[in-house]
Amino acid sequence: MQTDSSFTFVLFGGTGDLSMRKILPALFEAHRAGGMLADSGKIVAVARHAADRGEYLQWVNEHVKPYVSKNGVDETAWASFLERIEFVKIDLGNPEDFTLLRDAVKDLPGIRVFYLATGPSLFVPICRALASVGLNENARIVLEKPLGYDLKSSNAINDAVGEIFAEEQIYRIDHYLGKEPVQNLLALRFGNALFEPLWRREWVESIQITIAEELGVEARGDFYDNTGALRDMVQNHLLQLLSIVAMEPPHSMDSDSVRDEKLRVLRALKPIDPLDIGKVAVRGQYHSGGIRGSAVPAYATEPGVKPNSTTETFVALKVEIENWRWAGVPFFLRTGKRLADRVAEIVVNFRAVPHSALGVSALRAGANRLVIRLQPNETIRLYCLAKQPGEGMNLASVHLDLAFDQFFREGQMEAYQRLLLDVINGRLALFVRRDEQEAAWRWVEPILNEWKASNKPPKPYASGTWGPAAASAMLAQHGTCWLEEEN
Ligand code: BG6
């Protein structure tokens with residue numbers, strides 16, 4: 001993708017964890033690839049913890065370089081990347097410091113992007129300070145998740161930011177939308193007529209969407225303990241995936257057509273009845289256990305976590321969509337930390353044959369199923385039944401396999417790289433619009449409230465397992481089970 005759109009990319013939280021692991025490595029990768037970033041484009045890092053540009057570049061060399069290009073760093077590209085970087089020392093608590101930023105960027109070229117890789121409590125003060133020095137004009141602002149803690153706090157941030165930036169200037173990041181396989185899901189659904197007639201209640205029995213992690217809370221115990229899995233993963237990533245799986249074909253791929261269709265799904269989610277919560281929602285918390293043979297500690301003993309914490313690290317939900325396409329089809333969503341494997345996948349279970357002349361239940365035998373694996377390796381598999389060679393009619397499950405890395409030799413683009421390029425080039429389709437975010441909070445909030453009111457602790461599960469047994473029992477009530485339980 002050749003570009004000549006010049007830019008000034010201002011990175012707030014320039015020495016933070018996200019800048020170190022994701023944002024600067026993604027910008028480097030785009031720079032290294034060539035042709036993706038205009039030569040004149042500049043990165044202006046804003047931070048408090050470095051004295052000047054020299055010290056900041058030293059920090060970048062020490063902390064960011066280990067996260068770039070797994071196969072070794074291209075030193076020439078690295079050196080020219082550093083030349084793009086400017087630095088402004090600002091105390092975010094001091095709005096007058098923003099005149100320093102205004103002076104630093106006033107002669108820099110291109111569209112201005114302000115990336116707020118900071119905690120959400122700083123979003124509004126930063127936007128106001130930018131406006132006070134006139135930097136909100138003709139600019140784009142990128143807001144990282146979590147955007148608020150609940151509907152009220154997210155509305156408060158959106159209202160205040162909305163007074164300073166128009167909606168078309170606001171890019172709310174959900175990095176799952178930038179993942180290559182999620183793009184492919186759109187291609188699969190809307191580029192092939194084959195699936196469309198089957199993609200509905202008449203032919204689909206149930207759908208599972210899992211984002212499982214092996215990692216625990218790492219160094220983020222403090223943040224996570226006030227957040228929990230429902231806010232960290234369900235309100236955003238899982239509901240976004242669900243809306244892409246379930247949406248109607250958009251009229252075009254322009255940003256509002258896609259987002260309008262996703263919004264319709266979010267608005268059609270059947271509200272959770274508090275009296276049913278025990279049947280449709282499972283919350284868990286990891287205890288000690290083993291991940292790939294290594295002992296790992298319990299959540300409640302992680303640094304930054306309160307010893308009696310009742311924060312959930314696992315959630316499983318049964319969700320229904322109240323529209324003609326999906327009425328009555330259960331969508332099972334699941335996410336958790338310290339689970340048995342790192343995997344993100346969507347499983348579409350089609351209905352079994354109405355009468356099996358061959359004497360097997362096709363679904364049980366692992367057929368009539370589409371598995372879209374988003375990570376760690378991207379594959380799409382369509383499971384069918386086939387006759388085993390030899391005498392007699394013995395059936396076995398086989399699959400048609402689409403392994404993207406074998407088809408397309410070039411490497412995949414990291415989610416952050418794609419999303420940052422989209423911001424620079426003004427493409428909004430993969431960013432969450434305010435009304436989508438509100439609809440997601442509106443649906444999630446009764447669950448949060450009910451959990452809080454009931455005061456019940458989450459169900460324990462051993463690290464390295466697939467979460468509390470109740471998550472399996474929930475599916476058993478519908479005569480089904482999680483994919484890994486079949487194998
Ligand atoms: C983030 C969450 O949004 O997504 C993290 O805050 C989680 O808790 C991460 O670990 C998972 O992302 P990925 O891309 O590694 O699956």
Side-chain angles (χ1 to χ4, degrees), residues 13 15-22 25 62-63 66-67 70 117 119-120 144-146 149 175-176 209-238 278 281-317 332-345 374-376 444 447-448 451-452 454-474 482-485 487:
T15 49
D17 196 63
L18 192 71
S19 299
M20 173 175 86
R21 287 171 198 266
K22 298 286 185 191
E62 273 167 33
H63 293 89
Y67 287 98
K70 295 161 208 105
E144 259 296 336
K145 69 174 269 284
Y149 184 76
H175 78 280
Y176 263 72
I209 308 180
T210 293
I211 305 179
E213 297 184 86
E214 286 181 358
L215 289 178
V217 288
E218 307 303 293
R220 299 195 308 157
D222 210 8
F223 155 79
Y224 194 89
D225 209 33
N226 291 310
T227 305
L230 194 71
R231 291 187 179 91
D232 189 43
M233 299 293 286
V234 178
Q235 187 274 340
N236 34 67
H237 306 324
L238 273 172
V282 176
R283 65 195 294 251
Q285 188 188 84
Y286 65 80
H287 282 207
S288 56
I291 299 278
R292 300 196 184 273
S294 303
V296 293
Y299 173 72
T301 65
E302 299 269 20
V305 173
K306 292 182 274 314
N308 300 323
S309 170
T310 56
T311 299
E312 78 284 353
T313 60
F314 175 97
V315 180
L317 297 170
F332 298 107
L333 310 188
R334 172 176 64 160
T335 185
K337 294 208 181 274
R338 290 277 190 240
L339 296 183
D341 205 356
R342 174 178 182 252
V343 63
E345 68 190 2
L374 311 180
Q375 56 192 35
V444 153
I447 310 175
L448 286 170
W451 280 349
K452 193 165 167 205
S454 75
N455 216 8
K456 281 196 204 135
K459 294 186 183 350
Y461 62 96
S463 290
T465 65
W466 283 101
S472 303
M474 184 169 77
W482 297 103
L483 184 62
E484 78 280 349
E485 292 171 333
N487 300 328

Looking at every heavy atom in both [X] and [Y], which two are closest together, and how far apart are they?
{"X": "L18", "Y": "A117", "value": "CD2-CB, 4.0 Å"}
{"X": "F314", "Y": "W466", "value": "CE1-O, 3.6 Å"}
{"X": "A316", "Y": "W482", "value": "CB-CZ2, 4.2 Å"}
{"X": "P297", "Y": "S463", "value": "O-OG, 4.3 Å"}
{"X": "P25", "Y": "S19", "value": "CD-O, 3.5 Å"}
{"X": "G284", "Y": "P468", "value": "CA-CG, 3.9 Å"}

(request) Kindly state each residue pair satisfying salt bridge (Lys or Arg N to Asp or Glu O under 4.0 Å) with at least one member in residues 458-469, sequence neighbours excluded. (result) none
(message) Using 0.5 Å steps for rounding, measure from the CE atom of M233 to the CD atom of E312.
(response) 12.0 Å
(message) With rounding to the nearest 0.5 angstrom, report the CZ to CD1 distance, R231 to I447.
(response) 11.5 Å
(message) Looking at S288 and V296, would you say the former's side chain and the latter's main chain have a donor-acceptor pair under 3.5 Å?
(response) no
(request) Look only at the side chain of R283 and the backbone of A229, and say whether a donor-acceptor pair between them is shorter than 3.5 Å. (result) no
(request) Could I get the full list of side chain to side chain contact (heavy atoms under 4.5 Å, CB included) partners for S309, not counting sequence neighbours? (result) D225, Q285, Y299, V305, K306, T311
List for me each residue that meets side chain to side chain donor-acceptor pair (under 3.5 Å) alongside [X], sequence neighbours excluded, and say none if there are none.
{"X": "S472", "answer": "E485"}
{"X": "D17", "answer": "R21"}
{"X": "R334", "answer": "T210, E484"}
{"X": "Y224", "answer": "none"}

Looking at side-chain heavy atoms only, is the closest gap between [X] and [Y] below 4.5 Å?
{"X": "H237", "Y": "H175", "value": "yes"}
{"X": "Y461", "Y": "T313", "value": "yes"}
{"X": "W451", "Y": "V315", "value": "yes"}
{"X": "Y176", "Y": "I211", "value": "yes"}

Can you list the residues that meet the salt bridge (charged side-chain N to carboxylate O under 4.0 Å, His left out) rule with [X], with sequence neighbours excluded?
{"X": "E345", "result": "R373"}
{"X": "D232", "result": "K145, R220"}
{"X": "K456", "result": "none"}

(request) Could you tell me which residues satisfy ring pair (Phe, Tyr, Trp, His ring centres under 6.0 Å) with H287, sequence neighbours excluded, listed by chain and number? (result) none
Show which side-chain atoms of residues 337-344 pair as donor or acceptor with protein atoms under 3.5 Å away, not counting sequence neighbours.
{"unit_1": "K337", "atom_1": "NZ", "unit_2": "E213", "atom_2": "OE2", "d": "2.9"}
{"unit_1": "R338", "atom_1": "NH1", "unit_2": "E214", "atom_2": "O", "d": "3.2"}
{"unit_1": "D341", "atom_1": "OD1", "unit_2": "R292", "atom_2": "NH2", "d": "3.1"}

